[in-house]
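First the structure, in the form of structure tokens, and then the observations on it.
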Amino acid sequence: MTRINIGKTNKLGYAAVIGMEGYARTSVDKELLELLKLRASIVNGCGFCIDMHATEGARCGISQRKLHAVAGWQHAGELFDERERAVLALTDAVTLIGPDSVNDEVWDAAAQHFDDSALGALVLAIATINVWNRIAIATGMTPPIDERHPVA
């Protein structure tokens with residue numbers, strides 16, 4: 001059971017995150033956005049967001065093979081193209097932030113496929129899903145199971 005509903009208890013802060021989400025949705029290709037959201041959610045262990053973005057990814061046309069392979073994208077060969085691999089690597093680096101995580105190699109690989117504006121949008125989108133993951137995990141959110149969201 002969810003501990004609190006931050007959308008109700010902290011409306012202004014929640015609205016700010018909704019604003020970031022809106023920006024990400026209008027600034028990043030839908031399929032790339034779902035892949036990076038799914039990857040960050042896997043890295044962070046957010047069951048609620050993994051369920052949501054695997055489902056949304058399928059709805060927007062990402063193949064089941066790709067959705068399943070996001071967990072081990074580094075070992076998925078040609079299943080992901082260079083552009084997708086660059087986004088997934090950037091997602092890992094930004095999500096697992098540390099002294100050497102977003103190094104020049106990761107950044108330069110992404111910069112081969114995206115201009116500065118698009119790179120900025122990707123970084124903001126990755127930051128946004130990381131915020132959502134932390135909200136969902138901290139408040140105890142779990143995937144819904146009901147008539148609209150059956151297990152099978």
Side-chain angles (χ1 to χ4, degrees), residues 2 6 14 16-152:
T2 303
I6 285 186
Y14 193 80
V17 181
I18 292 287
M20 289 178 68
E21 178 68 28
Y23 178 80
R25 287 182 185 192
T26 61
S27 302
V28 177
D29 171 81
K30 177 75 171 155
E31 288 186 18
L32 287 177
L33 185 61
E34 290 305 325
L35 288 173
L36 77 80
K37 286 179 176 185
L38 179 57
R39 179 59 190 169
S41 299
I42 290 167
V43 170
N44 287 323
C46 182
F48 180 86
C49 295
I50 292 167
D51 176 67
M52 176 189 294
H53 298 297
T55 301
E56 284 301 311
R59 281 192 190 128
C60 78
I62 300 171
S63 73
Q64 287 296 315
R65 289 186 72 199
K66 277 189 175 183
L67 291 171
H68 292 297
V70 167
W73 70 269
Q74 306 93 327
H75 306 287
E78 299 300 314
L79 196 56
F80 297 101
D81 64 29
E82 284 185 32
R83 186 170 171 254
E84 292 165 331
R85 286 193 300 270
V87 168
L88 293 168
L90 185 62
T91 300
D92 283 0
V94 174
T95 299
L96 298 167
I97 200 80
D100 300 315
S101 58
V102 189
N103 59 39
D104 289 342
E105 181 181 349
V106 169
W107 188 263
D108 292 346
Q112 289 180 11
H113 303 281
F114 303 96
D115 64 20
D116 287 352
S117 178
L119 283 167
L122 286 168
V123 169
L124 288 167
I126 295 163
T128 303
I129 188 56
N130 275 281
V131 171
W132 286 127
N133 290 163
R134 282 148 179 78
I135 290 169
I137 291 169
T139 62
M141 294 173 69
T142 58
I145 300 173
D146 55 30
E147 301 81 39
R148 288 183 48 219
H149 307 94
V151 173

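The analysis underlying the following values was restricted to heavy atoms, covering all of them including side chains, and did not include hydrogens, waters or symmetry mates.
- The nearest pair of heavy atoms linking Ala136 to Cys46 is CB-SG, 3.6 Å.
- Here the closest heavy-atom approach between residue Val28 and residue Ala121 is recorded as CG2-O, 3.8 Å.
- In terms of the side chain to side chain donor-acceptor pair (under 3.5 Å) criterion, Glu147 has no residue partners (sequence neighbours excluded).
- The residue from Val70, Leu67, Leu38 that alone fulfils the side chain to side chain contact (heavy atoms under 4.5 Å, CB included) condition with Ile62 is Leu67.
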Can you give the donor-acceptor pairs under 3.5 Å from side chains of residues 104-118 to other protein atoms, not counting sequence neighbours?
unit_1, atom_1, unit_2, atom_2, d
Asp115, OD1, Ser117, N, 3.2
Asp115, OD1, Ala118, N, 2.8

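- The side-chain contact (heavy atoms from CB on, under 4.5 Å) check on Ala69 picks up Ala76, Leu79, Phe80, with sequence neighbours excluded.
- Shown here are the side-chain contact (heavy atoms from CB on, under 4.5 Å) partners of Ala71, two or more places apart in sequence or in another chain: Ile42.
- Annotation: side chain to side chain donor-acceptor pair (under 3.5 Å) contacts of Thr128 (sequence neighbours excluded): none.
- Rounding to the nearest 0.5 Å gives a distance of 9.0 Å between CH2 of Trp73 and OG1 of Thr91.
- Considering CD of Glu31 and SG of Cys60, their distance stands at 5.0 Å, rounded to 0.5 Å.
- Ile18 pairs by the side-chain contact (heavy atoms from CB on, under 4.5 Å) definition with Tyr14, Trp132, not counting sequence neighbours.
- Every pair passing salt bridge (Lys or Arg N to Asp or Glu O under 4.0 Å) that includes a residue from residues 36-48 is listed here, sequence neighbours excluded: Glu21-Lys37, Arg39-Asp92.
- Going from atom CG of Asp29 over to atom CG of Leu33 covers 8.5 Å, rounded to the nearest 0.5 Å.
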Pairs under 3.5 angstrom only: tabulate donor-acceptor contacts from the side chains of residues 49-57 to other protein residues two or more places apart or in another chain.
unit_1, atom_1, unit_2, atom_2, d
His53, ND1, Glu34, OE1, 2.9
Thr55, OG1, Asp51, O, 2.8
Glu56, OE2, Arg59, NH1, 2.6

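- Take Asn130 and apply the side chain to side chain donor-acceptor pair (under 3.5 Å) test, not counting sequence neighbours, and it matches Asn44, Thr95, Arg134.
- Sorted by first then second residue, the salt bridge (Lys or Arg N to Asp or Glu O under 4.0 Å) pairs that include residues 67-89, not counting sequence neighbours, are Lys66-Glu84.
- Here the CD1-CD1 distance, from Ile97 to Ile126, works out to 9.5 Å after rounding to the nearest 0.5 Å.
- In this structure, Leu124 and Ser27 have side chains that are not in contact, with every pair of non-hydrogen atoms separated by 4.5 Å or more.
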